[in-house]
Amino acid sequence: MEMQKNYDPRTFEDKLYAEWTEKGYFRAERDPAKIPFTIVIPPPNITGQLHLGHALDNTIIDALIRFKRMQGYSALYLPGCDHASIATEVKIVEEMKKEGLTKKDTGREGFLARAWQWKEKFGGRIVEQLKKIGVSADWSRLAFTMDENCSRAVREVFVNLYEKGLIYRGDRIINWCPGCKTALSDAEVEYSEDAGFFWHLKYPVKDSDESIVVATTRPETMLGDTAVAVNPKDGRYAHMVGKTLVLPLVGREIPVVADEYVDMEFGSGAVKITPAHDPNDFEVGLRHGLPVIRVMNDDGTMNENAGAAYAGLDRYAARDKVVEDLKACGALIKVEPHSHNVGHCYRCHNTVEPIVSKQWFVKMAPLAKPAIDAVARNKIKFTPERFSKIYFNWMEGIKDWCISRQLWWGHRIPVWYCDDCGEMTVSKTDPCECAHCHGKNIRQDEDVLDTWFSSALWPFSTLGYPEKTEDYDYFYPTDVLSCGYDIIFFWVARMIFSGIEHTGKVPFRDVLLHGIVRDEQGRKMSKSLGNGIDPLEVVEEYGADSLRFSLVTGVAPGNDSRYSKGKVEAARNFMNKVWNASRFVLMNCEGEAIPPLSAVKLGPADKWIVSRLEGCIREVTLNMGKFELGIAAGALYDFLWSDFCDWYIELAKSALYGQDKAKKTATLSVLCFVLDNALRLLHPFVPFITDEIWRNIPGTEGGIMVASFPRYDSKLAYKKEAKAFEPVMDVIKTVRNIKAQVGCPPAKKVRLYIAAANRRMLSLNAGAIARLAGASGIEFVESGDLGEKTLSQVTETCTVFVPLGELVDVEKERERLGKELERVVGEIGRADGKLQNRGFVEKAPRALVDAERAKLEKFIEMKQKIEKQIRDLEG
RNA sequence: GGAGGCAUAGCUCAGUUGGUUAGAGCGCUCGCUUCACAUGCGAGAGGUCGUAGGUUCGAGUCCUACUGUCUCUACCA
């Protein structure tokens with residue numbers, strides 16, 4: 001094969017991917033002779049395109065899958081996409097808005113038709129993008145959260161949970177997004193510290209001069225107040241409990257109640273109670289049988305319960321008017337700035353409102369317990385381990401999960417209401433009559449399920465659940481779940497309790513978490529900052545392998561990382577290095593018969609590199625097993641660049657260009673052996689370049705991705721021999737060092753004298769030493785008494801002497817040093833003169849004076865060194 | 001309020017169960033158009049491992065406190 005001088009991934013990546021697909025390398029077979037290894041993709045949303053987070057996800061997973069596949073497992077990487085109910089719906093609504101359309105205009109059917117079109121377009125695009133980065137997923141099993149299988153699983157799970165009493169419908173305080181006009185789960189709310197105000201309000205006691213002061217950050221909610229609460233232990237208010245207050249503006253009479261919830265220390269110690277618009281107040285309301293008065297509409301405007309003066313006003317306009325009116329009637333005592341945490345919708349970022357609403361919930365306590373146990377008993381292991389604490393923390397305090405969404409795109413809730421008898425029919429299949437009265441007047445619930453409800457089933461719904469399919473039997477439970485730590489709550493935790501509840505098994509044994517890929521300055525990538533990186537552009541410029549390698553190198557599990565062009569360039573340079581080392585090996589193999597390693601006699605250098613390779617195989621294998629991909633990749637980088645390229649290839653040149661035919665053949669055999677193994681080790685990380693090169697190595701057959709992963713073997717460790725070879729490298733390094741110290745060009749040939757206790761290894765490799773150190777000849781001596789001036793340096797095993805005359809032309813060197821000394825002395829004079837000048841020292845900026853002093857010191861030091869060099873030269 | 005991460009070279013980060021002289025990439029300095037590669041080669045400079053204690057024969061690594069910083073989580077109206 002003719003290899004180009006420079007690595008150019010564009011010439012082969014697409015070609016190879018097509019070939020892999022065509023040959024069916026990605027397809028996972030249910031082979032009873034093999035052990036299955038399964039990872040399901042964290043399904044990307046169909047909302048847009050791939051970002052670096054996906055690239056990282058998929059690089060990690062693909063590396064693990066390729067590793068296991070090469071180790072002989074039946075490795076299944078199961079790909080798919082998520083319908084992303086709310087996220088997609090928001091996007092489609094935005095798109096429609098540009099055309100002047102609303103959901104009302106299209107109606108449910110029309111909207112869903114549009115959504116499916118969207119899915120076709122963007123779902124397909126994501127798949128193409130994943131292919132571009134080399135993902136070896138089994139595309140024949142491509143799944144979608146709303147495809148037939150997954151939808152059936154959703155129905156099955158919903159109905160089973162309902163029948164067990166673990167799904168219920170009720171009026172509860174939920175997070176309402178007035179932008180998306182839907183309920184949200186707790187996990188879907190993002191909090192941020194926003195600047196606001198604290199309004200202190202005075203509520204008068206009925207038929208009395210007394211009053212009670214309460215404070216609020218949301219004054220408009222006072223229109224829905226149905227009580228004021230104080231702590232039962234609070235002596236200040238003991239006499240007030242049971243009295244009646246008159247709610248300003250509204251005129252409603254509300255009681256003063258005593259409740260433990262109230263913190264006596266905070267504020268005035270009295271709290272206004274708005275059961276319909278605050279989760280804590282709702283609980284207080286339940287305990288005291290208070291009315292629940294909802295004063296806000298779904299779109300964030302006030303409703304008729306708020307009173308004629310406010311009905312129809314937006315919540316913020318209503319707030320202003322309420323404050324103004326309270327002020328006018330003297331009920332507003334004071335206003336103070338107050339910053340507090342405000343919840344925002346994770347999709348549209350509007351401020352969410354806690355609102356009482358009739359929604360569907362999953363009862364979490366019974367589900368959380370076994371899910372906690374599974375991790376506590378190590379049936380599921382988090383990597384890094386610290387995330388199990390975060391998981392426990394969340395699971396132990398978990399509240400019921402609000403699963404209904406007032407959206408259209410998603411799995412419609414499988415509940416039908418009967419207009420005749422008023423009963424509910426909950427069914428896995430669409431019923432045509434009421435299960436209770438058999439009436440035909442049934443309507444399906446309008447709402448859909450939280451998108452994470454279906455994602456929670458992903459590891460088994462994609463494998464055929466609830467059917468007991470062959471895939472399910474063979475591949476479930478899956479092995480590793482890898483994703484970013486930012487979706488532990490949304491996804492990982494829910495898969496764990498769902499898997500245990502519905503399949504009786506933990507859905508995976510290992511959870512491998514990675515961090516967030518940030519921008520060069522450490523900021524999160526986001527649309528609003530415009531600092532996002534399109535992985536496809538990186539692939540276009542540097543190739544998929546460089547992107548993949550840069551994403552996993554120097555990164556520890558669970559830690560955030562920064563993307564930078566520099567890192568990708570470093571990875572690209574490494575690819576180029578591998579490319580050229582391979583080119584060197586293959587060029588030298590041309591026209592030669594290469595015997596296997598076992599058929600040749602290995603020299604010291606050969607055993608050294610084989611030993612290093614063995615160590616590398618060991619390190620890579622063990623670290624892949626521990627999910628330490630960064631360490632594994634780093635080990636490969638060092639081995640290939642330093643050990644193989646910088647040392648072994650250079651050492652090999654003596655043999656390759658020498659006269660000893662057997663030695664040359666043995667060297668070629670070693671070069672091929674090491675390259676073959678190194679490429680196979682590297683393949684999980686950088687699949688394209690490794691395959692492109694590997695197939696050209698003499699003796700290899702088929703594609704590298706179905707070749708076997710190298711096994712470490714202590715027979716190849718050659719520990720003693722590798723150690724014995726080190727003095728050779730020490731001598732070479734020492735000579736180079738001496739030359740550099742005196743400014744002798746590395747290529748200039750010098751004679752060497754070596755005093756060593758053990759000469760055998762050094763003399764055996766004299767040719768290599770001469771070549772790599774740039775020596776014209778090597779002579780072994782007993783001591784340093786050589787009868788000529790030399791520079792010497794001591795290594796661990798010997799002393800190296802280089803004749804001074806060889807290093808430099810003494811006359812020329814003396815001249816050069818003289819000039820250098822002259823220059824430095826001049827500089828000293830200049831700097832000293834400046835510093836002697838009082839005006840400069842007193843008036844110039846301090847930093848400038850300091851800098852000048854530093855310069856002077858440096859030049860004086862240089863002068864001394866040069867003078868010493870001249871003295872040494874004179875002898 | 002609760003929890004967790006991070007703090008190591010100028011910058012970005014590795015450092016696996018505690019164990020020789022703490023590493024890499026980029027940047028910097030010096031020298032190289034050496035026949036695989038200038039996307040390169042050789043040689044360097046640069047670190048009191050955040051602070052203070054403790055455990056240990058031995059601490060970047062384990063423990064405690066503190067400082068700085070980031071994140072998650074709950075929420076006090």
Side-chain angles (χ1 to χ4, degrees), chain A residues 3 5-8 186-187 190-191 198-200 214-218 221 228-229 261-263 265-274 278-281 284 338 340-341 343 384 386-387 389-390 392-394 397 399 485-486 488-489 515-516 518 520-522 524 542 546 550 553-556 558-567 569-588 619 622-623 626 628 630-634 637-638 641-642 645-646 649-650 653 657 732-733 735-748 771-774:
Chain A
M3 283 177 81
K5 188 176 167 193
N6 284 325
Y7 159 69
D8 182 4
D186 293 344
E190 290 174 346
Y191 289 89
F198 223 6
W199 284 273
H200 297 257
V214 296
T216 181
T217 55
R218 295 185 298 153
T221 62
V228 164
Y261 152 71
V262 181
D263 179 358
E265 310 297 320
F266 190 83
S268 65
V271 186
K272 63 190 267 312
I273 300 297
T274 323
D278 182 279
N280 292 306
D281 293 7
V284 174
H338 179 73
H340 60 139
N341 260 347
R386 65 173 187 272
F387 285 105
K389 284 185 212 159
I390 292 174
F392 290 139
N393 205 316
W394 192 70
K399 293 189 190 142
Y485 63 69
D486 51 333
I488 294 176
F489 306 139
I516 294 167
R518 298 171 175 277
E520 204 153 356
Q521 292 141 55
K524 236 174 169 167
Y542 296 99
S546 299
S550 71
T553 316
V555 179
N559 283 5
D560 288 355
S561 57
R562 298 189 190 195
Y563 170 86
S564 76
K565 212 168 172 149
K567 283 184 190 171
E569 273 167 10
R572 189 270 322 266
N573 293 352
F574 178 52
M575 295 303 113
N576 189 57
K577 191 72 183 173
V578 170
W579 181 263
N580 273 289
S582 307
R583 193 159 72 96
F584 173 81
V585 173
L586 297 178
M587 271 166 37
N588 280 285
E619 204 176 348
L622 296 180
N623 279 297
K626 290 189 282 185
E628 289 280 3
I631 295 177
Y637 184 96
D638 288 342
W641 203 312
S642 307
C645 292
D646 291 346
I649 285 184
E650 294 306 321
K653 284 175 183 171
Y657 304 147
I732 294 165
K733 279 192 254 181
V735 177
R736 287 169 172 175
N737 185 273
I738 291 172
K739 283 185 175 178
Q741 269 178 24
V742 294
C744 169
K748 184 171 158 66
R771 182 179 188 90
L772 298 203

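Every chain is numbered from 1 and lettered A, B, ... according to where its sequence line falls, protein lines coming before strand lines.
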Check whether any side-chain nitrogen or oxygen of [X] sits under 4.0 Å from OP1 or OP2 of [N], and answer yes or no.
X: A/K748; N: B/G31; result: no
X: A/Y657; N: B/A36; result: yes
X: A/K653; N: B/A36; result: yes
X: A/W394; N: B/G2; result: no

[X] [atom1] - [N] [atom2] separation (whole Å):
X: A/R562; N: B/C6; atom1: CZ; atom2: P; value: 15 Å
X: A/L772; N: B/A43; atom1: CG; atom2: C1'; value: 15 Å
X: A/M587; N: B/C35; atom1: CE; atom2: P; value: 11 Å
X: A/N576; N: B/A38; atom1: CG; atom2: C1'; value: 10 Å
X: A/I732; N: B/A43; atom1: CD1; atom2: C1'; value: 15 Å
X: A/Y485; N: B/C6; atom1: OH; atom2: C1'; value: 11 Å

Inset, instruction - Measure the acute angle between the ring planes of A/F198 and A/H338, then classify it against the limits of 30° and 60° as parallel, tilted or perpendicular. - result: parallel

Inset, instruction - Tell me which of A/K5 and A/N341 sits closer to the 5' end of RNA chain B, going by the nucleotide each one is nearest to. - result: A/K5

Legend entry - cation_pi(A/K653, A/F584) dist<6.0 Å, angle<=45: yes

Inset, instruction - List the protein contact pattern of nucleotides 15-30 of chain B with one symbol per nucleotide (5' to 3'): B for base contact, S for sugar-phosphate-only contact, - for none; contact means a heavy-atom distance under 4.0 Å. - result: SB----B---S-----

Inset, instruction - Toss me the dot-bracket line for RNA chain B: Watson-Crick and G-U wobble, both under 3.5 Å, 5' to 3', using | for pairs to another strand and [ ] for crossers. - result: (((((((..((((.....[...)))).(((((.......))))).....(((((..]....))))))))))))....

